[in-house]
Each structure stands twice: as structure tokens, then as C-alpha cells.
Protein chains: 2
Amino acid sequence: MGKTRSAPTLNDVAKASGVSTATVSRCLNSPERVIETTRKRVLQAVKTLGYTPNFAAQVMAANRSFTIGAIIPTMDNAIFARGLQEFQDQLRESGYTLLVSSSAYDPEVEREQIRTLVARGADGLLLIGHARDADVYAYLERHQVPSLVAWSYDPHMHPPSVGFGNAAAMGELAQSVISAGHRHIAMISGNTQGNDRAQARVEGVLRAMDENGLDANSLALIETTYEIEKGAEAFDQLMSLSPRPTVVMCGNDVLAAGALRQADLMGISVPEQVSVTGFDDIELAEVVSPALTTVHVPHREMGRKAARELIAMVEGKSEGRSICIDTRLVNRGSLAKPPRQ
Amino acid sequence: MGKTRSAPTLNDVAKASGVSTATVSRCLNSPERVIETTRKRVLQAVKTLGYTPNFAAQVMAANRSFTIGAIIPTMDNAIFARGLQEFQDQLRESGYTLLVSSSAYDPEVEREQIRTLVARGADGLLLIGHARDADVYAYLERHQVPSLVAWSYDPHMHPPSVGFGNAAAMGELAQSVISAGHRHIAMISGNTQGNDRAQARVEGVLRAMDENGLDANSLALIETTYEIEKGAEAFDQLMSLSPRPTVVMCGNDVLAAGALRQADLMGISVPEQVSVTGFDDIELAEVVSPALTTVHVPHREMGRKAARELIAMVEGKSEGRSICIDTRLVNRGSLAKPPRQ
DNA sequence: ATGGAAAATGCAAGCGCTTACATTGATGGA
DNA sequence: TCCATCAATGTAAGCGCTTGCATTTTCCAT
């Protein structure tokens, strides 16, 4: 009897240990409510049967999943990897599981994935950046799923965000570039469409130029996707401009790595002839040569704080505070004075 | 009435459109079984109510989740990113969702995550490499969850695998190294404990040495974790050996990048004084200088084929075939003849 | 018109769990 | 000795969906 080949259920455990399903459930979820002798017997049965609770059933019954969803634009490069890893570790410590999907920078895919994660009973959601349609937020509202934005910081926006001021950070770097004497500035940006981080970084550069009396319209700007290859292509184009830029500021380290590769290929020496800067300070930045002058983003710290805040929100202990993470410039040598005329 | 603030259910939709829940369910899952007029009405209600099916309930009722789980050792670097991205894309095309977790190379964590994914009703599982305790496989067996191994290939093992021959690929590279004239060979390997890929790569080098009449015991071998920093440290140690190795073969591109960085730091020129090789051919390999001579692994192809095979298994269309993916050497310049004495 | 097959829809039984409430049995103070 | 109290456990009602089977409707050949 009971020789079916399928996974054991709560009921099986209950029978095997001669108690009710309620008691088994309590053994697993609030052991202190069950007397020791019973508990031992039950846990023994759990072990011998190799019982694992059916998650879907738990979610349905308890209306709680201890699952947090995260939707990142891409897993294809390391930009989000480190922060997300820390986010996950922190969640695990608090008994939550992380579900990740990547949207390939496509708002439609992202919308779909948000629905999926909500349908899966995610207790909370981590999103990247604020830029998305209002109906997405309305949907989250209706389903009462707390959400948090990361990699971006804007205390006036909803949802709350744990991140850094992209514009300010890039502005600081731009200031440093200008102070070094550069006047012909180029920028390779990630696509700004639907990407507030990319937008803000461009803005940071423009503002710094403005503040230093440079014509912001003179910025040679190329937008492209965050791929090494694309960075290389863009750099190639920029080099045929006249006057040729003396510095190429990149929207992130990936693009910068592409730019460096292309420079090498073209026999342009960095930083002697052209300076190049990055953003993010992922591992790549240290490994290319010359190593990148870039903006260091404390990804782990961000991941950790985001996790804590989101858990607090999920558990009703916080209404959602925004947290600003400090970035800092890292000088590694890919930025120098422009060459003499 | 019905003014509760929570998400709409099938029942709500049924009432709103004046049909039974069965009909609504059918509208969503097998529309052809419902007459057009009804269907339109129902779908309209779905839209206005903003209904999303409750996933947990679906899984419970249908005992099917259209979810595939993948557990990778790490998200922290790009080794698995590309293949996994393709895996996911392929799954999506077939209507499946991917759930990813990373185990941090810890078998206990991995075991836990396998349980989690199974409990979540994953229809199938993608694992990396074959090396894990038998009870894990027994558990999967009992729960009848089809699983597939990737990044590794061994047609004689269960579960079936879609990957490449790590030993053979590394052996080929080693052959190339030896043919170039190197006699003092060093290797920086990933930790081989519980990592059959790392083991196989070491084995590939040893075998090639043996086949070429070199003493396999003379291989200077350091094991460490797959981090740039660790690669640098290991390289540093190897350089103080005597006789100094003329080539450092690395277990993957990440380690090789670290080695190159350290070489640069120590003023050792690559490949003039010491050659360095990688494995994987991730983007990093093209960006460092000199660009890495490495083994190209067609990650996307592997991801795609793995997805197809696993889906076939899940849908009962395949018993599980193993598929071998071809790798190839990529010569980029970090490997040259050893320097003259 | 009319019977009957086929198409469309409804009914209701679960899926495996949690939990409010009910029941049982000790325990101890009056 | 008796009953209020409390700890331990059991009972059973859902959670929101799918689906086998029953019922109703449609439609056509007669």
C-alpha cells in the first residue's frame, strides 16, 4: 500500500509517525509548539521518507513565499553580478530565496517577468532603475508587492531606491577630466532610452562641461549597447572626428574595455594620445591595460543594503527608505593630460 | 461587494464574465475549446480586472510548472553567463521560465538549492558537471525530475551531459604548448575538489606531458579559486620557482587575466619571457594584453543544445542523450616559444 | 420537425499545505 | 475532590487553479 512512486507528502509523514498533518506541519514550522518526543518521531519520519514540503502548496496555504525576485537588464556581463551575488547572500541569511531573470534591456520582457515573478508569489521585487511605465507600478501596487530600485538613487521617486547618484558620480569624473586640461571630449554612452542610469551619466558630463564654461553641445556622443565590441566600434568612429577628441569617457567599463582594445588595434596609445575613462570598476577595469581610471561603485555594499531594506519592507518593518551609496574616483592611469598640440 | 483590495482570482473573472471558472481556465489554456464570443468576453474581463493566474495554484492543480532550474557554481564572473543567457532565451522560446541559483562552489549549498528548486516544482534541472554525491541523484530520481549536466561531457555517466571534453581540449592546448618548445610547464588550476571540469583540465595537461615524454611529476601545479586576484598570487609564487616555468597554463581565462596582471606588475613580459594560456574564451580573453591564447568554448551553442535536450526530456520526448560540443584553440599571442637560455 | 452526435460549458473533486478553532488530557489551587 | 487553565494535538476549511465527467446547447442529416 502507498507504493506509488511519487514524492512523499505531509500526509505520508503524518501517517508514518502516527500524528495529524497539523502536527507535522508544526514540527517543521514552529517546533517549539510540539513536545519533544513527538517532534523527534516526526522528524525521523521526515528523514526516512526524504520528505520535502511542496512549495506551491505552502505558498497557497500561507500566502507567503519567502522569495524575492530580481529583474536585471542582463546577465551577459559583470555589471550586476557582484551586487546581485551579495544581495542573494544577504537574502539567504534571512531565510529568503532569490529568483533572478534578465530582461535584455527590453521593457516588454521586463513587464512580462515582473508578472511572472508576482504570479510566482514573490514577496518583494528588486528592480534596476526607475524608468518604466506607470502601469507597471500600478500593477505592483494592486498586488501589494513591495519593490525597491537599485543601481540608481532618487529619494523623490517611488519606489524607494538604494543606489548612487549616477549623474553626480559621472560629473565628478568629468570634472577631473576637464581639470586635466581636456577640451575635446567624447562620450560613448549606453542606450539612454529607458535607462535612467545611462541618461544620468550623460547628464553628469554635460553639466560638468557647462559648469566649466565648455559648450555642452560640443560633446561628441555615441549611444550603443553595453558590449565590448560596440565600445570598440564607437571608439573607431570617434577617432575620425575632427577635431579629434582627446578623451573618450565611457558609460561603463565594458565600453571602455572595447575602446581600449580598439585604440590598441589602431596604434593609438592610451593615455598619451587619447585618454579613456570607465564607470563601475568591475574586475575588468583592473585587468585591461592601461588599467582604467573609473568610478568605483561599492556593489557589494549596495547589494547588502538593498537586501536589508527590501526585507524590512516585506516584513512590514519599513515603509521603504532610499539609501545613497557613495562612489569614488579611482585613478589608474587611463586618464592623463591631453597631448600638446 | 467584492471590494477587497487584493488580486483578482479566476473566480472573479468568471463572475465578471458570467461563466464558470472552468471556462475561464480553458480560455487561458486551450482557447480553441471555447467559442469565440465567450472567449472575447472572458479575455476582456481578464484585461479589465488585470488578472494574472496564481502560479502556485496552477502548479498544484496541474502538477506542471513550465519552469526549469539551473544551479551554477557562481555568478561572480562571466564563465557561465553567456551559456546561461542562451539557455534561458531558448527556454523562453519554448514557453519555459528559467530559475537560476548559484552555489558558490559549495556542495551543501548546491544540495539545498536542488531541493529548493524541486520543491518549487521545477520540471527539469540543469547542473554543472557530474561530481556530486549519489544521494542527490537518488533524490532527483525519486522526485522524477529530469536533469542534465552541462559544461562537461561524459556519455557514460548519468545524468546525460551536454558539454565538451575538458581533458581533451586542455590536452590539445598543452600539446600546442609543448610543441612550441616549452619544457618547464606550470599550471594554475581551479580547485579540483568536487569540480570535475578542473580535474579534467589538469588531467589533460598531465596526459599531454606524458605523451610527449615529459615527466608529468614536473608540472608545477597550484590550485586556487577562480578569481583574478588568486591568479595573480599564484603567478607570483610560480615565478620564484627554480627552474622558472616558461609557460603558465591557467584553468580558465579569469586566472589567466590575473596572471597577466601580475606579470605586468613584475615587469615580466608575456609572451617573450613567459607564456600564459587561458581556457573558455570569455570576453576578457580578448581584452587583456596580450590577448589570450585560449580554448574557445562555444557557450551559446552549448546553452542552446542543453535547453533543447532538457526540454525534450521534460516533455518525455527524449530519454536524455549526451551531446559533445567542439572546442577549438584560439591563438592570440600570449603563447610563444620559450626564451633562449 | 426530430433524433443524435458533436461542441460548448458547467460541476466539483482534488492538488498539498497552513491555521483557526475544537478537543483532549494534565496540572494544580481551593 | 473538582474545575479552571493551559499545553499538546486533532479537525477541517480553505488557498486558486485544472480537469474528468456530466450536462446543456447547437447543428445537421433525416
Side-chain angles (χ1 to χ4, degrees), chain A residues 2 4 6-43 45-46 49-67 115-116 118-121 123 143-144, chain B residues 2 4 6-43 45-46 49-67 115-116 118-121 123 143-144:
Chain A
T4 85
S6 76
T9 72
L10 238 213
N11 210 342
D12 297 336
V13 177
K15 277 183 190 155
S17 45
V19 297
S20 72
T21 60
T23 299
V24 178
S25 174
R26 283 192 280 256
C27 275
L28 268 24
N29 301 315
S30 32
E32 74 285 356
R33 297 198 44 199
V34 172
I35 207 168
E36 181 163 353
T37 57
T38 315
R39 197 191 321 149
K40 270 190 178 164
R41 196 154 29 100
V42 170
L43 294 182
V46 165
L49 290 178
Y51 168 75
T52 317
N54 179 306
F55 183 72
Q58 285 189 120
V59 172
M60 270 202 73
N63 196 30
R64 193 72 205 292
S65 71
F66 286 97
T67 296
R115 289 186 153 259
T116 301
V118 170
R120 271 165 201 278
D123 293 336
H143 285 262
Q144 321 218 47
Chain B
T4 86
S6 76
T9 72
L10 239 213
N11 210 344
D12 297 335
V13 177
K15 276 182 189 153
S17 45
V19 298
S20 71
T21 60
T23 300
V24 178
S25 174
R26 284 191 279 256
C27 275
L28 267 24
N29 302 314
S30 31
E32 75 284 358
R33 298 197 44 198
V34 172
I35 206 168
E36 180 164 354
T37 57
T38 315
R39 196 190 322 147
K40 269 191 178 162
R41 196 153 29 97
V42 171
L43 293 182
V46 165
L49 291 178
Y51 167 75
T52 318
N54 178 307
F55 183 72
Q58 283 189 118
V59 172
M60 269 201 75
N63 195 30
R64 194 74 205 292
S65 71
F66 286 97
T67 295
R115 288 186 155 260
T116 302
V118 170
R120 271 163 200 280
D123 293 337
H143 285 261
Q144 320 218 48

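Chain letters run A, B, ... following the sequence lines, proteins first and then strands; every chain starts at 1. Atoms considered below: every heavy atom in the structure, side chains included; atoms not considered: hydrogens, waters and symmetry mates.
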> Which residue pairs satisfy the side-chain hydrogen bond (donor to acceptor under 3.5 Å, both in side chains) criterion with at least one member in residues 50-63 of chain B, sequence neighbours excluded?
A:R115-B:T52, A:Y139-B:T52
> Starting from P on D:dC15, measure out to CG on B:L10 and report it in whole angstrom.
13 Å
> Would you mind reading off the distance between B:M60 atom CE and C:dC15 atom P, rounded to a whole angstrom?
8 Å
> Taking for each residue the nucleotide of DNA chain C with the nearest heavy atom, is it A:A62 or B:V34 whose nucleotide lies nearer the 5' end?
B:V34
> Based on the rotation axes of five pairs at each end, what angle does the helix from C:dA1-D:dT30 to C:dA30-D:dT1 bend through, to 10°?
50°
> In this structure, how many angstroms lie between the C1' atom of D:dC17 and the OH atom of B:Y51, rounded?
7 Å
> Where do B:M60 and A:A57 come nearest, in terms of heavy atoms and distance?
SD-CA, 3.5 Å
> Can you check the A:N54 CG to D:dG16 C1' distance for me, whole Å?
14 Å
> The side chain of B:T9 lies closest to which of these nucleotides: D:dG16, C:dG16, C:dT9?
D:dG16
> May I ask you to verify if any side-chain N or O of A:Q58 is less than 4.0 angstrom from the OP1 or OP2 atom of C:dG16?
no
> Quick check on contacts: within residues 19-30 of chain B, what sits under 4.0 Å from DNA chain D by heavy-atom distance?
B:A22, B:S25, B:R26, B:N29
> Regarding A:N63, tell me which of base, sugar-phosphate or nothing describes its non-hydrogen contacts under 4.0 Å with the strands shown.
nothing
> Checking A:E32 now: which residues fulfil salt bridge (charged side-chain N to carboxylate O under 4.0 Å, His left out) with it, not counting sequence neighbours?
none
> Output one letter per nucleotide in nucleotides 23-28 of chain C: B when a protein non-hydrogen atom lies under 4.0 Å from the base, S when only the sugar-phosphate is that close, - when neither is.
------
> Using the closest heavy atom to pick a nucleotide of DNA chain D for each, name whichever of B:A61 or B:R33 lands nearer the 5' end.
B:A61
> Atom OG1 of B:T38 and atom CZ of B:R33: how far apart are they, to the nearest 0.5 Å?
13.0 Å
> Atom CZ of A:R64 to atom P of C:dC17: distance rounded to whole Å?
19 Å
> So which atom in B:V34 and which in B:R39 form the shortest heavy-atom distance, rounded to 0.1 Å?
O-NH2, 3.1 Å
> Which heavy atom of A:G50 sits nearest to which heavy atom of B:H143, and what is that distance?
O-NE2, 4.0 Å
> Using salt bridge (charged side-chain N to carboxylate O under 4.0 Å, His left out) as the criterion, list what pairs up with B:R64, not counting sequence neighbours.
B:D123
> At 4.0 Å (heavy atoms only), tell me whether B:F55 reaches a base, stays on the sugar-phosphate, or touches nothing.
nothing
> Under 3.5 Å, side-chain donor or acceptor atoms of residues 16-30 of chain A against the rest of the protein: list the pairs with distances, not counting sequence neighbours.
unit_1: A:S17; atom_1: OG; unit_2: A:V13; atom_2: O; d: 2.7
unit_1: A:S20; atom_1: OG; unit_2: A:A22; atom_2: N; d: 3.4
unit_1: A:S20; atom_1: OG; unit_2: A:T23; atom_2: N; d: 3.4
unit_1: A:S20; atom_1: OG; unit_2: A:T23; atom_2: OG1; d: 3.4
unit_1: A:S25; atom_1: OG; unit_2: A:N29; atom_2: ND2; d: 3.3
unit_1: A:N29; atom_1: ND2; unit_2: A:S25; atom_2: O; d: 3.1

> For nucleotides 26-28 of chain D, which of its nitrogen or oxygen atoms have a protein nitrogen or oxygen under 3.5 Å away, and what is each distance?
none

> Taking DNA chain D as the partner, which of residues 35-42 of chain B come within under 4.0 angstrom of it by heavy atom?
none
> Tell me every residue that passes side-chain hydrogen bond (donor to acceptor under 3.5 Å, both in side chains) with B:N11, counting only those two or more places apart in sequence or in another chain.
none
> Let me confirm one number: the NZ-OG1 distance from B:K15 to B:T9, rounded to the nearest 0.5 Å.
7.5 Å
